[in-house]
Amino acid sequence: MTERNFYEQVYAVVRRIPRGKVTSYGRVAKMLGRPNAARAVGYALSALKDHRDQHADVPWQRVINSQGRISIVSRETSAQRQAELLRQEGIAVSDDLRINLDLYLWEGLHLLEVDDILRGQ
DNA sequence: TTGTTGACCCAAG
DNA sequence: TCTTGGGCCAACA
C-alpha cells in the first residue's frame, strides 16, 4: 500500500474522520503504517490548501496536534478559521485553541481497514 | 545526492 | 503548563 502517493493516503484517512470528531497528525501517520511520519502528514495537509478545488471534501480541520491544540501557523489558513470550522461541527474549542481529546478524539482505523480503503479507491 | 523546511511527536527539566 | 532538544518523514531546490 505504499505504491500510492503519500498525499493521497493521508487524504483517504482524513476523509474517514467522522463529523464532530478530531484526531492528531501522529495518529494519522500510525494508521498509514508510518508511526514517525507525523511531520509528513502536516506537510501533506499544508499542501491541501493549494489544491482546494480537487480535495474540497477533505476535512483537514479535524486534524490537530497530539496535545489537543491548534498550533497552525499560516497566512492562508489561520488557526482561528480552523477553530471556527470545528465549532460549526459541535466541537468545543476554547479561546486559547484547546480541544478536550477525552470528548472528541477519534481513535481511528486499524491498519487492515486502511489497506481496504486505499485498495478500494 | 545533499541540505533545508514544515499545520509534528515525545521525553526532560 | 511551558520550553528545549533530538528524532522522523516527504517534498523541493
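Labels below follow one simple rule: chain letters A, B, ... track the order of the sequence lines, proteins then strands, and each chain is numbered from 1. None of these values were measured; they are calculated from a predicted model.
Checking the phosphate oxygens (OP1, OP2) of B:dA7, no side-chain nitrogen or oxygen of A:R69 falls inside 4.0 Å. Residue A:R98 places at least one side-chain N or O under 4.0 Å from the OP1 or OP2 atom of C:dT1. Checking the phosphate oxygens (OP1, OP2) of B:dT4, no side-chain nitrogen or oxygen of A:R39 falls inside 4.0 Å. Contact annotation: A:S66 reaches the phosphate of B:dC9 (side-chain N/O to OP1 or OP2, under 4.0 Å). Contact between the side-chain N/O atoms of A:S71 and the OP1/OP2 oxygens of B:dC8 is found at a separation under 4.0 Å.
When the P atom of B:dG6 is taken as reference, atom NZ of A:K49 falls 10 Å away, rounded to whole Å. Atom P of nucleotide C:dA11 and atom CZ of A:F6 are separated by 8 Å, given to the nearest angstrom. To the nearest angstrom, P of C:dT3 lies 14 Å from CG of A:N65. When rounded to the nearest whole Å, the span between OH of A:Y7 and P of C:dC9 equals 16 Å. Put simply, NE2 on A:H51 is 11 Å from C1' on C:dA11, counting in whole angstrom units. The interatomic distance linking A:R52 (CZ) with B:dA7 (P) rounds to 14 Å, in whole Å. Put simply, CZ on A:R81 is 12 Å from C1' on B:dA7, counting in whole angstrom units. Taking atom CD of A:Q67 as the reference point, atom P of C:dT4 lies 16 Å away to the nearest angstrom.
A:Y11 places a side-chain N or O within 3.5 Å of a backbone atom of A:A44 that can act as its donor or acceptor partner. At distances below 3.5 Å, not a single donor-acceptor pair connects side-chain atoms of A:E89 with backbone N or O atoms of A:L86. Of the possible donor and acceptor atoms, none in the side chain of A:R87 sits under 3.5 Å from a partner among the backbone N and O of A:A92.
Comparing the P positions of C:dG6 and B:dA7 gives an interatomic distance of 22 Å, to the nearest angstrom.
In the interface, the side chain of A:Y25 is paired with the base of B:dA7 through a donor and an acceptor atom under 3.5 Å apart.
Along DNA chain C, the nucleotide nearest A:Y43 and the nucleotide nearest A:N36 are compared for position; the residue whose nucleotide lies closer to the 5' end is A:N36.
The salt bridge (charged side-chain N to carboxylate O under 4.0 Å, His left out) check on A:R98 picks up A:D96, with sequence neighbours excluded.
Residues A:S66 and A:Y25 have side chains not in contact (no heavy-atom distance under 4.5 Å, counting atoms from C-beta outward).
Nucleic acid contact for A:A40: base, since at least one base atom lies under 4.0 Å from a heavy atom of the residue.
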